[in-house]
Amino acid sequence: MTIEFEAPKPIVQMQTVLQTVADNMMRPVSREFDENEHTIPWNYIEFMHTAMKSMGGSGGLTPRDEKPKEGTEKRPPIGYQLLAAQIEMLAWGDVGFYLITPGGGLGGAAVQAAGSPEQRAKFLARFSEDKPTFAAMCMTEAGAGSDTSAIRTKAVLDEATQEWVINGEKIFVTAGDKSFTEYEQFGKGFIVVWASIDPSAGRAGMRAFVVEAGTPGVKIVKLEHKLGIRASDTAVISLVDARVPYDNVLGSPTVEKTTTGFKGAMATFDATRPLVAASGIGVARAALEFVKEKLAENGVQIRYGLPRNKQTSVERDVIEMEIMVKSAWLMVLKAVWMADNKKSNALESSMSKVKAGDVTTKVTQKAVEILGPLGYSREFLLEKWFRDAKITDIYEGTGQINRLVVARQILGYSGSELR
Amino acid sequence: MYSFEPNEEQQMLVDAVGKYATNDLRPAAHEAEESRELPKKLIGKGWEIGILQASTPEAYGGFGERSAATGVLAVEEMAFGDLAGAYAVMTPALFATPILLAGSEEQKQQYLPEVIEGDWRPFTAALIEYAFDFDANALRTTAKLEGGEYVLDGEKAFVPFAKDAEAILVYANLDGQTQGFIVPKGAAGLAVNDEREKLMGLNALPLYRVKLDGVKVPVSNRLGGEAGHDFGPILASMQLASAAAALGVARASLEYATNYAKERVAFGVKIAQKQAVAFMLAEMATEIEAIRLLTWEAAWKMDAGKEDAAASAYLAATGAADMAMMVTDRGVQVLGGHGYIREHPVEMFMRNGRGFAMLTGLAIV
């Protein structure tokens, strides 16, 4: 092992390709889809599906399983690194669009992390078929946000039919509409619903269920109107006596006195938090680059290398923003590098999310301030990035929840020792 | 490829330095700070680990190649023990490393073996000047070519071990460029203040004000020889050392505060079990990690000869100064009133933490 920061060639090549996608398919229509919430950018979705299929074969933003070609030297795995870099670049283009890039998304990630090999084969194959296909994660409820153990949705086994009967209501389901509603243009998707099979067992009773699109009893109740990421649909989904085949439960169908089911969800977060962090950093980088560009147009140069007390306040701000964005990105890289190398990254993963949540909000807020009326105007995308950025510090664990995870890790405390 | 693990050789060095930092530097730190005196033996023991020796090629008396990445690892570890002690041990590098980086072949042969072989001796460098807007790229101390010699005029501040120095690498402004000049002991016009500098921190480190009043050195004493040198990589290496030292001090503060918070009971629980305290610790750890990666990347860029290495080192050092202040301030805060008492080292870490914004030039990787 060694310390090295040379971006692997596949990452550099992919970044070049996606930058073109961002420049041509995202930025020009970014404003349009922000102003027309809940319209679907079919062109982008179709294009990305075709492109990803031809590139990676998986037809979605999932880490590639690399099988070394015969006779070639075995390279260290970079699946998650590549994925994080992809996400960062797409989010640089438009984070709302990135969130509706077809593929398994967080639902697929849950199947990947907690499903059996059979389940993975059965549920994940669809993403590489002809039509763009979506999956979503249904975790949050009105009364259960960061405290996922408060989930009230129930799944009861109907012994006669050997089906799970699910009742409850889920909110904040990213891409919930595209995953569940059967659009002609899309393949059949699914949602992964977290429910309790034994409410008396607390977290030990928590399981994830794959619920296929169009399942009777499941309804998209509404699509939320949001501060930002408006191209991405956020659904409220109700389940009333929704029947799901026995084999659609991820993990053990019986309750042991352990919390493995819940830990499955948390393990998913270890994998996905740095990726969400990456999406925030893409937005922050976009804002920072825009500010530097506008300042340069107006004849303001950033004099690097000067002592601080000789710099203007704007210079100091921009330099500080650069430090934030660069260091946050390196934290993401380390967390996903650890994931690629099968190192436990619970600490690094949450740290990268804490940092990215801070950085993304601070950098975009400062960027708007620096550009004054230009920053606040909807003529430019900067004000949109400010709005898009804020979600980074909220979803996939708020900054506070992730601080809690980091603190427990560095203190060696359990959840009961540090609540 | 991305990779975030020191290699085996680096890890061995880190372990050796870490042992010295924990077992020798740290236990001596409080007494050294209070008495303004570092035991000679302590410095000697640190020197024997051979950080500088291992980054100097055999041809010049050492046994390895310089690597900025290895350097930042070693400096963080050393500064974790004690900043003043770390700077003292590494002072000869202030003289030797710039020669290694930018010196002429003649200068390397003449000076490096003398510094490297044998015991620790006070070879040093003078960069900082006593002005609020001190800028290493716009020095007030001047060098002028007169009659085939360079004439140095001005005043340098915070020069480690200047009093007994065998030689000082003095940086001066030559036609708008910062250039180094080797000034031997006892040069005419060179005056070291008798009284040591008195600073907010680093009291164990003997620092001096140095006056240069028409000090003449031959052209061959200009760093790099007649043609001179690029100051950029030298400054960048100093900035990397500053960033790495900031990491060490911050880590020391975080560790002390963490241990304290896990012992101290209030309202029936350890204070670390309170989110208000736990979140502070989590944020400190996060900032340290962020700046560490920025520093590693900059060091790697320097080793790999990347064009933007100097810019990255500047960003790392700038970020590190803020990080160190934030972390060491909170280290005191976690201990509350006890943090304010000099029996605990967190107040010293905080005083040291403030220095990184203005003390680039006291160490180099």
Side-chain angles (χ1 to χ4, degrees), chain A residues 1-9 11 75-76 78 81 304-310 316 319-320 322-324 326-331 333-338 340-341 343 347-348 350-355 358-359 399-400 402-413 416-419, chain B residues 1-8 10-11 69-70 73 132-138 232 235 254 258 261-262 269-270 272-275 277-287 289-294 296-297 299-301 303-304 306 310-312 314-316 318-319 321-323 357-358:
Chain A
M1 277 301 168
T2 178
I3 293 173
E4 200 185 323
F5 292 86
E6 190 81 63
K9 271 211 190 87
I11 292 185
R75 295 216 178 92
I78 58 164
Q81 295 163 59
Y304 294 88
L306 269 195
R308 268 188 174 171
N309 45 19
K310 280 186 173 176
R316 290 180 66 156
I319 285 167
E320 200 179 321
E322 260 190 71
I323 291 167
M324 286 198 267
K326 289 205 158 99
S327 61
W329 173 239
L330 293 176
M331 294 183 86
L333 277 184
K334 184 176 175 186
V336 289
W337 170 83
M338 292 178 83
D340 279 331
N341 289 283
K343 295 171 192 288
L347 172 64
E348 288 76 8
S350 277
M351 264 189 179
S352 75
K353 178 65 168 53
V354 167
K355 182 70 176 168
D358 271 353
V359 162
Q400 288 63 42
N402 280 298
R403 275 167 176 77
L404 207 51
V405 176
V406 170
R408 283 175 190 155
Q409 290 277 337
I410 60 174
L411 288 161
Y413 279 167
S416 60
E417 285 169 304
L418 178 58
R419 289 170 188 277
Chain B
M1 193 182 79
Y2 293 120
S3 179
F4 297 84
E5 255 175 20
N7 65 34
E8 214 177 306
Q10 290 170 330
Q11 195 54 52
T70 307
L73 292 170
F132 90 92
D133 56 351
F134 160 67
D135 180 352
N137 285 309
L235 180 61
L254 172 63
T258 302
K262 289 179 79 174
V269 295
K270 312 287 191 207
Q273 292 178 272
K274 298 281 188 193
Q275 286 191 358
V277 173
F279 280 18
M280 280 204 279
L281 297 170
E283 286 165 7
M284 290 155 79
T286 302
E287 283 310 297
E289 177 74 354
I291 296 300
R292 180 179 294 123
L293 296 178
L294 205 58
W296 284 11
E297 187 192 35
W300 170 81
K301 279 183 181 174
D303 290 339
K306 299 282 173 188
S312 295
Y314 167 75
L315 290 182
T318 304
D322 284 344
M323 177 278 296
M358 58 286 290

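Below, read A as the first sequence line, B as the second, and so on, with proteins coming before strands; counting in each chain starts at 1. On a predicted model such as this, the values are computed, not experimentally measured, just so you know.
Proximity to chain A is absent for every atom of B:D303, based on heavy atoms less than 4.5 angstrom apart. Only the side chain of A:R308 comes within less than 4.5 Å of a heavy atom of chain B; its backbone N, CA, C and O stay farther away. Looking at B:Q11, neither its backbone nor its side chain comes within 4.5 Å of chain A, counting heavy atoms on both sides. Contacts between B:L235 and chain A at a heavy-atom distance below 4.5 Å are absent for every atom of the residue. Neither the backbone nor the side chain of A:Q409 comes within less than 4.5 Å of any heavy atom of chain B. Of the atoms belonging to B:A311, not a single heavy atom falls under 4.5 Å from chain A.
Of the listed residues (A:Q81, A:K326, A:K334), the greatest number of heavy-atom pairs within a distance under 4.5 Å of chain B belongs to A:K334. Per-residue counts of heavy-atom pairs under 4.5 Å with chain B were compared for A:V406, A:T2, A:L333; the largest is that of A:T2. Annotation: maximal heavy-atom pairing with chain A below 4.5 Å, among B:I291, B:T258, B:T318, B:V269, occurs at B:T318. Among A:V405, A:V354, A:L404, the residue making the largest number of heavy-atom pairs under 4.5 Å with chain B is A:L404. Comparing B:E287, B:E8, B:K301, B:M358 by how many heavy-atom pairs each has under 4.5 Å with chain A, the most go to B:E287.
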Query - Residues B:T286, A:M331; criterion side-chain contact (heavy atoms from CB on, under 4.5 Å); working and verdict - result: CA-CA 9 Å; B:T286 302; A:M331 294 183 86; 3.8 Å; yes
**Report entry** From CA spacing to verdict: side-chain contact (heavy atoms from CB on, under 4.5 Å), B:E5, A:K343
**Finding:** CA-CA 12 Å; B:E5 255 175 20; A:K343 295 171 192 288; 2.7 Å; yes
Report task. Could you give me the CA-CA distance, side-chain angles and deciding distance for A:D340 and B:Y2, then say whether side-chain contact (heavy atoms from CB on, under 4.5 Å) is met? Result -> CA-CA 11 Å; A:D340 279 331; B:Y2 293 120; over 6 Å; no
Report task. Show your working on salt bridge (charged side-chain N to carboxylate O under 4.0 Å, His left out) between A:K355 and B:E289 and close with a plain yes or no. Result -> CA-CA 10 Å; A:K355 182 70 176 168; B:E289 177 74 354; over 6 Å; no
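Rounding to the nearest 0.5 angstrom, the gap separating the CD atom in A:E322 from the OG atom in B:S312 is 9.5 Å. For the atom pair CZ of A:F5 and CG of B:L294, the computed distance is 9.0 Å after rounding to the nearest 0.5 Å. Rounded to the nearest 0.5 Å, atoms CH2 (A:W329) and CG (B:L293) are 12.5 Å apart.
Checked against the 6.0 Å centroid threshold, A:W337 and B:F4 count as a close aromatic pair.
In plain terms, the two heavy atoms of A:I323 and B:G319 that are nearest each other are CD1-N, 3.5 Å. Of all non-hydrogen atoms in B:W300 and A:I3, the two that sit nearest each other are CD1-O, 3.4 Å. The two residues A:Y413 and B:Q273 make their nearest non-hydrogen contact at CE1-CG, 3.6 Å. The two atoms that bring B:A138 and A:K310 nearest to each other are CB-NZ, 4.2 Å, heavy atoms only. Nearest heavy-atom pair, A:N309 versus B:F132, reported as atom, atom and distance to 0.1 Å: ND2-O, 2.7 Å. In terms of heavy atoms, B:A278 sits closest to A:L418 at CB-CD2, 3.7 Å.
Remark: side-chain polar atoms of B:Y314 are paired, donor with acceptor, to backbone N or O of A:L306 under 3.5 angstrom. Formation of a donor-acceptor pair under 3.5 Å by the B:K262 side chain with backbone atoms of A:L411 is found in this model.
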